[in-house]
Protein chains: 2
Amino acid sequence: MTDLPFSGAFKAGKGGSRPMFKAAAGIFARKGYHEATVDEIAQAVGVAKGTIYYHFKNKEDLYFAVIQEGINIFGKQLRVAAAAADNPLDKIRSLVDSHLDFYEREQDLVFLFLKELSGSELRRRILAGMLSKCLAVVREAIAAGVKNGTFRAVNPELATSSLFGMITIAAFHYLAFARPIDRAKVKSTIEQIFTRGILSGEGEGDCCRVAGHL
Amino acid sequence: MTDLPFSGAFKAGKGGSRPMFKAAAGIFARKGYHEATVDEIAQAVGVAKGTIYYHFKNKEDLYFAVIQEGINIFGKQLRVAAAAADNPLDKIRSLVDSHLDFYEREQDLVFLFLKELSGSELRRRILAGMLSKCLAVVREAIAAGVKNGTFRAVNPELATSSLFGMITIAAFHYLAFARPIDRAKVKSTIEQIFTRGILSGEGEGDCCRVAGHL
DNA sequence: AGTTATAAACTGACTGGTCAGTACAAGCAC
DNA sequence: GTGCTTGTACTGACCAGTCAGTTTATAACT
């Protein structure tokens, strides 16, 4: 909300910062960058077009501010979730919960992120970098778990991506068809598959021959 | 390639069907629907703009034809992979392999799919439905495994989404930064986490308390 | 309290460029 | 001689971005 490298960054606006951000995020998420017109966003926000340009250099600037703000929200939420638990396993559980929470509350942002990830190479890389920073807490929790023996010797980087993917797509499964997310079911699936898979089980290696390579 | 509900659907073109499709997919994937101009696509394909409009009703029609064709390729590949193994576990392994294969060979399509999944509600729903049909073979393999006791009692629907998400995002992890996918690493991570998680292990339930619900 | 000064926030009609889609005369191949 | 292709040129809609001017908020002076 503060220290953003953008012209206006939601400080101003008749109705205050948050509604402006919400409205813009909603339009961008629903229609995409190019289909969303600045006129339309201005109307949704409840200001004149010129006002948008008073606060933001141009449409892209506004768009990035929305993304940046979204990343901030996501990152902060994950950090809080990680801090709320004190061992790797609970951290992961808390993070999964928090992620699902974000998914439910900020669907617009989720779609915005997905859009950005499928954008041009540059945009994709930028967002992937930002997300990667947000997910550092997950990576660290997994790495810690591997170190202290709670988890098996997975690659924390890839395990993080995997978990992120599982949550995102499993939850997406509901949103794609405009159904409410069944959090209990998703959580239980993740517990059953991810958590169980990553925990250093008793009967260790036998079921897991990886065809050929390590 | 055949039975498509589209005007022209890549039957024609100087260089035959495939190059035309490839070029169009590439442009759409790199620039997105709105930034890609028909002139540009025509040039890339190597035909005159009028020719595009001779075969396709309009830009959207062309775009959908590309998507549809992509889905056909993906679906066929998965079906072949599933048929190549005769028990649930091997089917899953074969499907993972095949999926990664598709990911590597048809990056344009992957990005196109991602774009579409983050598009408007209608478009999202349409593509999600198509993908869901493609992934039926995965769902069935998982369901069969659950039935015959190879796998634990997961929800096949959600487990499929989870696996799809894992693969997609883990591989994306590389593509986002324009690095080649390290297939061995991705496969081993999936083996370690998904396969191991879903296999009905000896020490069954103890590690997997799901906070509260079933 | 009333007047004046100044800046910040806001407005909306207008402009200029872009691009989907059309039109068409002419060429080629089977 | 019909189906397919080309190239060029044109139109009309749409939209990002501009700008001259209005409103509101704040402070300062008498």
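Computed from heavy atoms alone, side chains included, the values below leave out hydrogens, waters and symmetry copies. Owing to the predicted nature of the structure, the values given are computational and were not obtained by experimental measurement. Within every chain, numbering begins at 1; the chains are lettered A, B, ... in the order of the sequence lines, protein sequences first and strands thereafter.
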For this session: Would you mind classifying the nucleic acid contact of Ala36(B) as base, sugar-phosphate or nothing, using non-hydrogen atoms under 4.0 angstrom?
Result: sugar-phosphate

Exercise. Quick one: Ile52(B) CD1 to dT5(D) P, roughly how many Å, whole number?
Worked result: 10 Å

Exercise. Do Lys22(B) and Glu106(B) sit within salt-bridge range, that is, some charged N less than 4.0 Å from a carboxylate O?
Worked result: yes

Seminar exercise, completed: CD1 (Ile181(B)) and OH (Tyr174(B)) are apart, to the nearest 0.5 Å, by 8.5 Å

For this session: Please work out if Thr37(A) contacts a base, only the sugar-phosphate, or nothing of the nucleic acid, heavy-atom cut-off 4.0 Å.
Result: sugar-phosphate

Exercise. Would one find a side-chain N or O of Tyr54(B) under 4.0 angstrom from OP1 or OP2 of dC4(D)?
Worked result: yes

Problem set entry | dG17(D) OP1/OP2 closer than 4.0 Å to side-chain N/O of Tyr53(A) | yes

Exercise. Does the pair Glu191(A)/Arg93(A) count as a salt bridge with the N-to-O cut at 4.0 Å?
Worked result: yes

Exercise. To the nearest Å, how far apart are Gln43(B) CD and dT8(D) C1'?
Worked result: 15 Å

For this session: Could you tell me whether Asp101(A) and Arg183(A) have a side-chain N and a carboxylate O separated by less than 4.0 Å?
Result: yes

Exercise. Counting just side-chain N and O atoms, does His34(B) come under 4.0 Å of either OP1 or OP2 of dA20(C)?
Worked result: no

Exercise. Quick one: which of dA9(C), dT11(C), dA16(D) gets closest to the side chain of Asp39(A)?
Worked result: dA16(D)

Exercise. If you find the nucleotide of DNA chain D closest to Glu35(A) and the one closest to Gly50(A), which residue's nucleotide is nearer the 5' end?
Worked result: Glu35(A)

Exercise. Mapping Lys49(B) and Tyr33(A) onto DNA chain D by nearest heavy atom, which one lands closer to the 5' end?
Worked result: Lys49(B)

